[in-house]
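In what follows, a single structure is set out as structure tokens and then discussed.
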Amino acid sequence: MSTPLPSQYARDKLSTLLRAFRSGTGLTSAEAARRAGFSQSKLSKIENGALLPSYADGEALCRAYGATVEQRDEVLDLLKVLHDELESARVILRRGAHRKQQAYARVEAETIEYRDLQVAYVSGLLQTADYMRRMAGQVMSPADREKQVAARVARQHVLDDEAKRFTFTCCPTCTSTSGAGLRGRSSTPTPGSPQASSRS
């Protein structure tokens, strides 16, 4: 079992594209934001991946940069991927995030080999409860947040199954910014991977 990250790749690619478009025009961030009709701080957040632009924002930036039809379509395609994922997350929250964790647990219970690649966050099976709460933030009620944390912690019991093999690979930023978010595990570096932990 592996965990795809289409939304993370799409967000990174979108930010990279928009920065490249602006660089190609020679516009400063202040001038580009003015032409697009919003603040420089908003543009900075968009270019750094901290803020997901709306379709209207994407259109405005493409006009400001004189983007080709192909470039505009690429930006809008990436925005569709990201907004679809955001709406999916909202549906999960409305139905109860803990139920999604329970669904993951059922899949993991049937999995013999589990491989997880993370580029931004600590893998769910390795997160501490405090890290889970920080990740949930204020997007759900305290009661719902605790249900989700309990369900995610329960998932981690699968790590005790000696019949399974687990391989976790993450970029250094996952652990350097996670604080106490990573549960204690023995680690064995894997050639070609930024940081890996394996147990079989």
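- Between atom CD of residue E108 and atom NE2 of residue H157 there is a gap of 12.5 Å, rounded to the nearest 0.5 Å.
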For this session: List the steps, then state whether side chain to side chain contact (heavy atoms under 4.5 Å, CB included) holds for L61 with L18.
Result: CA-CA 8 Å; L61 286 170; L18 292 176; 4.0 Å; yes
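- Residues L43 and A32 approach most closely at CD2-CB, 3.8 Å, considering heavy atoms.
- A donor-acceptor contact shorter than 3.5 Å is absent between the side chain of R165 and the backbone of E113.
- Counting only distance, with no hydrogens or angles, the side chain of Q40 and the backbone of S29 share no donor-acceptor pair below 3.5 Å.
- What you find for A60 and A36 is that their closest heavy atoms are CB-O, 3.5 Å.
- Salt bridge absent: D77 and K80 never bring a charged side-chain N and a carboxylate O closer than 4.0 Å.
- In terms of modelled atom types and a separation under 3.5 Å, the side chain of R19 and the main chain of E47 share a donor-acceptor contact.
- Contact detail for I112 and A163: the closest heavy-atom pair is CG2-O, 4.0 Å.
- For the pair R152 and Q148, the minimum side-chain heavy-atom distance is below 4.5 Å.
- For S39, the side chain to side chain contact (heavy atoms under 4.5 Å, CB included) test picks out S41, K42, with sequence neighbours left out.
- The CZ atom of F168 sits 12.5 Å away from atom CZ of R115, with the distance rounded to the nearest 0.5 Å.
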Problem set entry | side-chain hydrogen bond (donor to acceptor under 3.5 Å, both in side chains) evaluation trace for D12 with S15 | CA-CA 5 Å; D12 290 345; S15 299; 5.8 Å; no
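- Between P53 and I46 the shortest heavy-atom distance is CB-CD1, 3.8 Å.
- Between R63 and R72 there is no side-chain heavy-atom pair separated by less than 4.5 Å.
- Considering every non-hydrogen atom in both L51 and R11, the closest pair reads C-NH1, 4.0 Å.
- Across all non-hydrogen atoms, the minimal contact from L78 to K13 is CD1-CG, 4.0 Å.
- A side-chain donor-acceptor contact under 3.5 Å links K164 to the backbone of T111.
- Taking CD of Q127 as the start and CZ of R133 as the end, the distance is 12.0 Å to the nearest 0.5 Å.
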Problem set entry | Test log, rule side chain to side chain contact (heavy atoms under 4.5 Å, CB included), inputs L125 and V158 | CA-CA 9 Å; L125 288 181; V158 74; 4.2 Å; yes
For this session: Kindly indicate, with the supporting measurements, whether the criterion side chain to side chain contact (heavy atoms under 4.5 Å, CB included) is fulfilled by L76 and L79.
Result: CA-CA 5 Å; L76 295 182; L79 284 173; 4.1 Å; yes
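- Side-chain atoms of Q156 and L126, non-hydrogen and from C-beta on, never get closer than 4.5 Å to each other.
- Each ring pair (Phe, Tyr, Trp, His ring centres under 6.0 Å) pair with one or both residues in residues 11-48, not counting sequence neighbours, would appear here, but there are none.
- Using a 4.0 Å cut-off between a side-chain N of Lys or Arg and a carboxylate O of Asp or Glu, E110 and R106 do not qualify as a salt bridge.
- A donor-acceptor pair is defined here as one N or O able to donate and one able to accept, closer than 3.5 Å; no such pair exists between the side chain of N48 and the backbone of A50.
- Side-chain contact between C62 and Q71 is absent, with no heavy-atom pair separated by less than 4.5 Å.
- If you take CZ on R22 and CG on L17, they are separated by 14.0 Å, rounding to the nearest 0.5 Å.
- With sequence neighbours excluded, the residues that form a side chain to side chain contact (heavy atoms under 4.5 Å, CB included) with D73 are V69.
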Problem set entry | Check against side chain to side chain contact (heavy atoms under 4.5 Å, CB included), S123 and Y114 | CA-CA 12 Å; S123 172; Y114 181 102; 4.3 Å; yes
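- Expressed to the nearest 0.5 Å, how far CG of L27 lies from OH of Y65 amounts to 7.0 Å.
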